[in-house]
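First up is the structure itself, then whatever we jot down about it.
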Protein chains: 2
Amino acid sequence: MVLMTETDQLHEMVGGRLARSGQRYTDGRRDLVDALADQDGPLSMAAILERVPGMPQSSAYRHLTVLASCGVVHRIAGADDVGFFELTDELSGRHHHHVLCGECGSVGDIESSDDLEDALARAARITASRTGYAIDAHRIDLVGTCPDCLSSGAAPVRAG
Amino acid sequence: MVLMTETDQLHEMVGGRLARSGQRYTDGRRDLVDALADQDGPLSMAAILERVPGMPQSSAYRHLTVLASCGVVHRIAGADDVGFFELTDELSGRHHHHVLCGECGSVGDIESSDDLEDALARAARITASRTGYAIDAHRIDLVGTCPDCLSSGAAPVRAG
DNA sequence: ATTTATGCAAATCGTTTGCAAACCT
DNA sequence: AGGTTTGCAAACGATTTGCATAAAT
């Protein structure tokens with residue numbers, strides 16, 4: 001292979017992970033991965049179906065289950081617990097967190113910072129020693145109102 | 001009132017909030033609040049129904065909706081998106097986050113720290129300026145394996 | 001009396017599954 | 001051929017709702 005694009009590399013990694021789980025990397029799964037990779041943030045099921053025309057919802061869910069089981073995708077819960085899906089940190093190559101809009105339920109990605117990660121690591125250590133949990137991950141969501149909802153006047157009423 | 005217990009104060013606050021929303025503080029709602037207050041961590045619907053015998057599930061959900069709308073209770077999503085319910089920070093008087101067990105799906109409370117809250121505040125400020133979101137809350141979950149699941153040998157397989 | 005709360009059963013929504021046909025190796 | 005994946009339709013589990021009754025003000 002003389003030339004290898006980022007997307008090719010991604011597909012190679014995904015194929016590898018699927019193969020290791022004894023699964024095949026079929027067109028449907030590839031399309032799904034493409035849709036997620038083309039995106040900056042997590043996609044809802046509705047958004048996935050729009051971006052992968054002709055894919056039945058049940059197949060999309062099934063693919064996502066398979067891909068999740070080999071660490072390719074990841075489900076996150078939006079403000080109203082609707083599912084959003086995205087490539088895992090390992091595949092996207094960046095550790096990140098999420099911002100949720102409490103108005104429209106949309107979800108976006110945000111970068112993490114060393115500052116925050118360090119504080120989290122300390123919190124995890126403390127929690128482990130106090131509770132006996134073995135901590136191996138964290139999730140952070142900032143919750144607020146997205147620019148769109150802010151400008152469309154649907155500003156939330158804050159307690160006061 | 002010569003003597004006022006912590007629980008009395010809690011009920012008074014809840015009653016006030018309900019009243020301000022034009023709602024009544026009925027026995028069922030009181031029982032629910034008692035169940036949540038007796039508890040150190042968030043309760044699943046099943047746990048609530050155990051602790052409030054005779055309450056129909058639909059009523060429990062309805063009460064929780066009402067109580068949530070006036071800031072008395074709060075729903076959080078467990079590792080598998082099953083709902084857990086607890087009193088809000090304002091009523092319990094302590095800001096806290098959660099630990100989720102990825103094995104059994106249980107949820108526990110953990111205290112926050114100034115360290116972590118400061119880092120979060122900085123992250124929120126950065127996110128606001130980069131994304132245009134108005135951030136007004138955050139949620140942090142540490143995900144791992146609880147002591148019970150650890151000891152019952154169901155230790156998770158880590159990638160390696 | 002009038003408004004709000006409750007119980008029951010039926011509906012809803014996101015998600016999962018059984019089964020038979022299509023696919024890959 | 002032999003196992004895997006896909007599509008469809010039906011099943012599911014958590015949560016919500018319509019409606020008629022009971023309770024609170």
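This one's a predicted model, so the numbers in the text were calculated from it and none came from an experiment. Every chain is numbered from 1 and lettered A, B, ... according to where its sequence line falls, protein lines coming before strand lines.
Across all strands, A/Arg62 comes closer than 4.0 Å to base atoms (heavy-atom distances). If you check every strand for non-hydrogen atoms under 4.0 Å, B/Gln57 touches a base. Within the 4.0 angstrom heavy-atom criterion, only backbone atoms of the sugar-phosphate kind lie near A/Thr26; the bases stay farther away. A/Gly22 comes within 4.0 angstrom of no nucleic acid atom, judged by non-hydrogen atoms across all strands.
Boundaries of the chain B contact region on DNA chain C are C/dT3 to C/dA9, first to last in 5' to 3' order (nucleotide atom under 4.0 Å from a heavy atom).
Between the C1' atom of D/dA24 and the CZ atom of B/Arg29 lies a distance of 11 Å, rounded to the nearest Å. The separation between A/Gln23 atom CD and D/dG3 atom C1' is 12 Å, rounded to whole Å. What separates NE2 of A/His63 from C1' of D/dT4 is a distance of 12 Å, to the nearest Å.
Ranked by how close their nearest DNA chain C nucleotide is to the 5' end, A/Asp27 and A/Thr65 are led by A/Thr65. The residue among B/Ser58 and B/Arg24 whose nearest nucleotide of DNA chain D is located toward the 5' end is B/Ser58. Heavy-atom nearest nucleotides on DNA chain D were determined for B/Phe85 and for A/Val66, and the one closer to the 5' end corresponds to A/Val66.
For the pair B/Thr131 (side chain) and B/Tyr133 (backbone), a donor-acceptor distance under 3.5 Å is present. The closest donor-acceptor contact from the side chain of A/Arg75 to the backbone of A/Phe84 lies at 3.5 Å or more, if one exists at all.
Between B/Glu111 and B/His97 the shortest side-chain heavy-atom distance does not fall below 4.5 Å. Residues B/Arg94 and B/Asp109 have side chains in contact (heavy-atom distance under 4.5 Å, counting atoms from C-beta outward). Side chains of A/Leu87 and A/Leu10 form a contact here, defined as non-hydrogen atoms less than 4.5 Å apart.
Sparse packing is recorded around CG of B/Asp27, with 12 or fewer heavy atoms of other residues, nucleotides or ligands lying under 6.0 Å away.
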